[in-house]
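Since the model is a prediction, treat every value here as computed from it, not as a measurement. Numbering of ligands and ligand atoms starts at 1, following listing order.
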Amino acid sequence: MGKGYLGLIEDIRSWLRFQQSLGMEFVSSSPGISGFLSSADTHDPARKNVPGGHFFAGRSRDGVPGSSVSAPGSDTLPGLKSKVEKCTGCDLHRYRTNVVFGEGPEDARLLVVGEAPGRQEDQEGRPFVGVSGELLTKMLRAINISRTECFITSVVKCRPPGNRTPEQHEIERCAPFLFRQIELIRPSFILALGLIAAHTLFKTDNPLTSLRGRWHRLDNARVMVTYHPAYLLRFGGMRQKNLKREAWHDLQMLEKEYVASKNA
Ligand code: URA
C-alpha cells in the first residue's frame with residue numbers, strides 16, 4: 001500500500017498549509033481547517049515561532065558546465081564574504097546600501113538561490129527579508145524545512161536599481177561568487193528560484209517550464225528548480241493557481257529526497 005490514510009492526511013495538511021501561505025483566505029476563515037492545521041504544529045516546535053499564524057505556526061548531468069566560471073580565490077566563507085563586500089566589479093556597487101552575501105549555516109545541506117536583493121534586503125544586508133522572503137519562508141515551512149537550516153543567497157549580491165532584472169554582464173561578474181559559495185558550502189541540495197538562478201547555474205536559456213519539476217545535478221548537489229516567490233505573487237486567478245500547483249509539486253519532490261538523504 002502507498003502512504004496510507006495518515007500519509008494522505010499529512011499530504012492534505014501540507015497542501016492546505018501551502019495554499020494558506022500563498023494567501024488563500026478560505027483556509028484561515030474556516031475554524032475546522034484552522035484547527036486541523038494547528039494540530040500539525042505540535043510536530044514541529046519551530047513552527048510556532050513563525051509569524052503569520054498557525055500554518056506557518058562541477059558539472060551538471062544536463063551537460064552544463066555549472067562551475068566553469070573561475071571562482072574568486074578564497075578558502076573560507078567569511079573570507080569570500082569580505083571580498084564580495086569590497087566588490088566594485090559592476091555598476092551595481094554604486095547604488096547599494098549593503099552587499100547581500102547570503103546567510104545560513106556554513107555546512108547547510110540545502111542552498112537556496114534567488115535572483116537579486118530587493119529594497120529591504122539592500123537596507124538590511126540580509127537575503128529574502130521582504131515580501132518574497134516571507135513567502136519563501138512559508139514555502140520552506142510547508143515542506144518542513146526551516147529557513148535557518150538553509151543557506152540563502154542570490155545570484156547577484158547587490159540590488160539592481162528599481163528592482164529591475166539584473167543584466168547579463170552583472171550576472172557574469174557576480175556568478176563566480178555564487179559558484180565559490182557552492183564549492184565552500186558543498187550543499188547536498190540546491191533550490192533554484194526562478195529563471196535567473198536556473199539559467200546561471202546551468203548556463204542555459206531553456207524556459208523555466210522545461211527546467212522545473214525534475215532533478216538536475218551540479219557537482220555534488222541535486223538541484224530542484226521552481227518559480228521565484230515574487231513570480232508566484234505576481235499573478236492572480238487561474239494563472240496563479242496553476243503556478244502554485246506546479247511549485248508545490250517541485251517542493252514536494254525536494255522534501256522527499258531531502259528527508260530521505262537525512263535518514264540515510
Ligand atoms: N529576491 C531575491 O531573489 N533575492 C533576495 O534576496 C530577495 C528577493
State, without any angle test, whether S261 and R109 hold a side-chain donor-acceptor pair at a distance under 3.5 Å.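 Checked: S261/R109 side chains pair up, N/O donor to acceptor below 3.5 Å.
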Any side-chain heavy atom of T153 sitting closer than 4.5 Å to one from Q181?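 T153 vs Q181: side chains touch.
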Which atoms of ligand 1 are found less than 4.0 Å from any heavy atom of [X]?
{"X": "G114", "value": "3 (O)"}
{"X": "P127", "value": "6 (O)"}
{"X": "H228", "value": "1 (N), 2 (C), 3 (O)"}

Closest non-hydrogen protein atom to [atom], residue and atom name please, with distance?
{"atom": "atom 4 (N) of ligand 1", "value": "S154 OG, 2.8 Å"}
{"atom": "atom 3 (O) of ligand 1", "value": "E115 N, 2.5 Å"}
{"atom": "atom 2 (C) of ligand 1", "value": "A116 O, 3.0 Å"}

Electrostatic pair E103-R147, nearest N-O below 4.0 angstrom: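 Looking at R147 together with E103, the answer is yes, because their closest N to O distance falls below 4.0 Å.
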Quick one, E183 with R180, criterion salt bridge (Lys or Arg N to Asp or Glu O under 4.0 Å). Give me CA distance, side-chain angles, the key distance, then yes/no. CA-CA 5 Å; E183 286 174 354; R180 188 69 184 138; 2.7 Å; yes
Of V100, T165, I171, which meets side chain to side chain contact (heavy atoms under 4.5 Å, CB included) against V156?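 Per the side chain to side chain contact (heavy atoms under 4.5 Å, CB included) rule, the option paired with V156 is I171, out of V100, T165, I171.
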Heteroatom proximity flag, F128 to ligand 1, N/O under 3.5 Å: yes
Could you say whether the N/O atoms of R126 and ligand 1 ever approach to under 3.5 Å? no
In terms of relative ring orientation, are Y231 and F235 parallel, tilted or perpendicular, with 30° and 60° separating the classes?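 Perpendicular, since the angle between the ring planes exceeds 60°.
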